[in-house]
Protein chains: 2
Amino acid sequence: MNDLPTRKTLPQLDESLLTHLPPFSKLERRQLRTILDQASSRRYEPGTAIFEEDAPAERFYLLLDGYVRVVRVTPTGEQVTALHIPAGQLMGFAKAIGRQTYPATAITATESIALSWPMRLWETFAAEYEGFSTETYKTVGTRLGEINNRVVEISTLQVEQRVASALLRLIHQTGRKVPDGIEIDFPITRQDLSEMTATTLHTVSRLLSAWEKKGMVESRRKRIKVLDPRALAAISEARIE
Amino acid sequence: MNDLPTRKTLPQLDESLLTHLPPFSKLERRQLRTILDQASSRRYEPGTAIFEEDAPAERFYLLLDGYVRVVRVTPTGEQVTALHIPAGQLMGFAKAIGRQTYPATAITATESIALSWPMRLWETFAAEYEGFSTETYKTVGTRLGEINNRVVEISTLQVEQRVASALLRLIHQTGRKVPDGIEIDFPITRQDLSEMTATTLHTVSRLLSAWEKKGMVESRRKRIKVLDPRALAAISEARIE
DNA sequence: GACCAAGTTTGCGCAAGCGCAATGTTCTGA
DNA sequence: TCAGAACATTGCGCTTGCGCAAACTTGGTC
């Protein structure tokens, strides 16, 4: 689905949006001003594709608020979620890794706000803004490591270990402390979780129901709270005899 | 296992080793001379770890000759092969993606020769040599794409599809045309193939035996030749009804 | 408040493919 | 040339987890 070219929705973006983010943290206020003046800002509904796999990479993005799932779709229409991107991260910077098109589809998991810039500005930003490039490639390195972890997990772990591991990863990366546990800080269905763990929504449902009976998790529609992370860790790390 | 620091094994390396490789293709002879003068060259036996996961990333490497498997080992000792690296590619450049340690283990699949440089030279190379950085990040982008393909395959395909797909990828990337087909250009066991495809050596053996009976492949110890790539493609792309 | 779509639950049969075992073959090194 | 290790083959029972089905629950919209 093609979005209309994004346009400014705020009169002027404040520099404080960027100062604490690693790619921008070494810049002076007037540099941030210049960067923001060239940005488009846009709000996206949950479930929207910010950019799509194989589309020409015309813009790069900074997720200001919300969560995004990085997804590939197979020829038979199955969706596989490789990564989640939290607020504060750059994404869609295909040019940085020598590509002309986006390598995957970025779908919002929540209502989200993102800034974007035309891809032709990438090289300028990389050349002129101290730390911008270095921090971006750190992000690439982190994502490469995470996807490699995914390969290892899917190749070697049984399904309940994978689901437990995914829940732990989610609460670690995007969890919100609540009185009796840690809640995943965005809506997530059994289908969503199954797309991250190479299984089906029914298998995820059976596992979550069993774990709920044991008091390890608590869930409602699109809401999962982990009450006993150690028990899940024990499952995900168990060695099959 | 720690190798002794590598040392020069040839009097002087010839510039022609580099001129056709993308990271070095825009450089002048004297620049190549400078680069080679700072390189260590080393020959590795098959099955040797050039560098290991989580070891401090002290050197970066260029594979001059041979093939290398990029491997992760699980806590239970299972090996998972994420990628193969052919001759001509840079590897182990952890600094480029903001890391202090190697993200995986690089194991030679064949007798191999590699050049290496101390990691402290990375930034100099990136800053001073035109195209070096750009081409390196293109390699990163390609590898990211390939690993993402792995996640999708392992998540969604049945085992015979994955093995067929892996064989096609191997002959496409490292195949050598022979009279009646395409042979994988390095020794590869059923165990090796199973580590690439999230299965076991027995399952791979059964599949290869069945395909050999049908005239699709021909194999001996550590040698696999594909006689009918189209038949394998049909298997790997089959849609389950 | 009602309706309906989306999401969740649960049962059960079955298929995919693994584990285990045993045997056979081939290549390397002494 | 021989021994032994590494690699390959094959059978078969069993486990894992999926497919299919059906029903239930919940939340959003009108």
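Naming: A, B, ... by sequence-line order, numbering from 1 per chain.
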_Checking side chain to side chain contact (heavy atoms under 4.5 Å, CB included) between A:L232 and each of A:V226, A:V163, A:I171, which is the one that passes?_
A:V226
*Rounded to the nearest Å, what distance is computed from the NZ atom of residue B:K213 to the C1' atom of nucleotide D:dA8?*
12 Å
*Phosphate OP1/OP2 of D:dC18 contacted by A:T200 side-chain N/O (<4.0 Å)*: yes
*Figure out the CZ/C1' separation between B:R223 and D:dA8, and round it to whole Å.*
16 Å
_I want to verify a distance call: between D:dG17, D:dC7, C:dG17, whose nearest atom is closest to the A:V159 side chain?_
D:dG17
*Taking CD1 from B:I154 and P from C:dA16, how many angstroms apart are they, rounded to a whole number?*
20 Å
*Report the distance from atom CD1 of B:I188 to atom P of D:dA6, rounded to the nearest whole Å.*
19 Å
*Please report the closest heavy-atom contact between A:S219 and A:R190, naming both atoms and the distance.*
OG-NH2, 2.7 Å
*With heavy atoms under 4.0 Å as the rule, sort A:R190 into base, sugar-phosphate or nothing.*
sugar-phosphate
*Which is true for B:T199 with a 4.0 Å heavy-atom rule: it touches a base, it touches only sugar-phosphate, or it touches nothing?*
sugar-phosphate
_Near DNA chain C, counting only heavy atoms under 4.0 Å, which residues of residues 201-211 of chain A show up?_
A:L201, A:H202, A:S205, A:R206, A:S209
*Could you grab the distance from atom OG of B:S155 to atom CZ of A:R162, nearest 0.5 Å is fine?*
8.0 Å
*Tell me which of A:E160 and A:R220 sits closer to the 5' end of DNA chain D, going by the nucleotide each one is nearest to.*
A:E160
*D:dA8 C1' sits how many Å from B:I224 CD1, rounded?*
11 Å
*Between A:L193 (CG) and D:dG17 (P), how many Å, whole number?*
15 Å
*So which nucleotide from C:dT9, C:dG7, D:dA8 ends up closest to the side chain of B:R221?*
D:dA8
*Write down the distance between CD (B:Q158) and P (C:dC18), rounded to a whole number of angstrom.*
11 Å
*State, to 0.1 Å, how close B:D192 and B:P187 come at their nearest heavy-atom pair, and which atoms those are.*
OD2-O, 4.2 Å
*Would A:R59 and A:Y102 satisfy side chain to side chain contact (heavy atoms under 4.5 Å, CB included), going step by step from the backbone distance to the final call?*
CA-CA 10 Å; A:R59 303 187 75 85; A:Y102 296 112; 4.2 Å; yes
_Any side-chain N or O of B:K222 below 4.0 angstrom from OP1/OP2 of C:dT25?_
no
_If we check side chain to side chain contact (heavy atoms under 4.5 Å, CB included) with A:I188, which of these qualifies: A:K222, A:R69, A:M196, A:R223?_
A:M196
*Under 4.0 Å between a Lys/Arg side-chain N and an Asp/Glu carboxylate O for A:R169 and A:E146?*
no
*Take atom CG of B:L157 and atom P of C:dA16, then tell me their distance rounded to the nearest Å.*
15 Å
